[in-house]
Amino acid sequence: MREVPQAARELGLLGDLTGHGWFFERYPTMYPTKRGSMVPFTLLLLHALMPSYASDYAQSLQRMYDLLDLLRRGSWPALTVEASETASATDGGRV
């Protein structure tokens, strides 16, 4: 990957990929049956790894921990309301 600075700028234009604006819950009229993040996992992973290609390992590690936190909170992947309710019923509320 020779164009690391360009790729980093492009990713930067997207803003905070784990922010509230990237969640289906922010747009309930458009996505009434979905919950979680709209961002594909591969994009989240690329966002987390990109600083390491520019030798900014601390930033990359922080983003990896942020991604892990997002996964542990259950905000990713996107869930339909029905799937979320079914999962809650079968595992005692943990989605």
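Because the structure is a prediction, the values reported are computed rather than measured.
Tyr57 shares a hydrophobic cluster with no other residue; no ILVMFWY side chain has heavy atoms under 4.5 Å from its own. Other members of the hydrophobic cluster containing Tyr65, listed by chain and number, are Leu61, Leu68; membership follows side-chain contacts under 4.5 Å among ILVMFWY residues, whether direct or relayed.
The shortest distance between side-chain heavy atoms of Tyr31 and Met38 falls below 4.5 Å. Taking the side chain as every heavy atom from C-beta outward, Leu14 and Val39 never approach each other to under 4.5 Å.
Rounded to the nearest 0.5 angstrom, Phe24 CZ and Ser37 OG are separated by 7.5 Å. From His47, atom NE2 reaches atom CG of Leu17 across 5.0 Å, with rounding to the nearest 0.5 Å.
Identified under the salt bridge (charged side-chain N to carboxylate O under 4.0 Å, His left out) test for residues 6-17, with sequence neighbours left out: none. Counting only residues at least two apart or in different chains, salt bridge (charged side-chain N to carboxylate O under 4.0 Å, His left out) contacts with residues 57-69 comprise Asp69-Arg73.
Without hydrogens or angle criteria, Glu25 side chain to Gly36 main chain gives a donor-acceptor distance under 3.5 Å.
Of all heavy-atom pairs spanning Pro51 and Ser60, the tightest one is CB-N, 3.8 Å.
Partners of Leu45 by side-chain contact (heavy atoms from CB on, under 4.5 Å), not counting sequence neighbours, listed by chain and number: Phe41, Leu49, Met64, Leu67. Residues forming a ring pair (Phe, Tyr, Trp, His ring centres under 6.0 Å) with Tyr27 (at least two apart in sequence, or on another chain): none.
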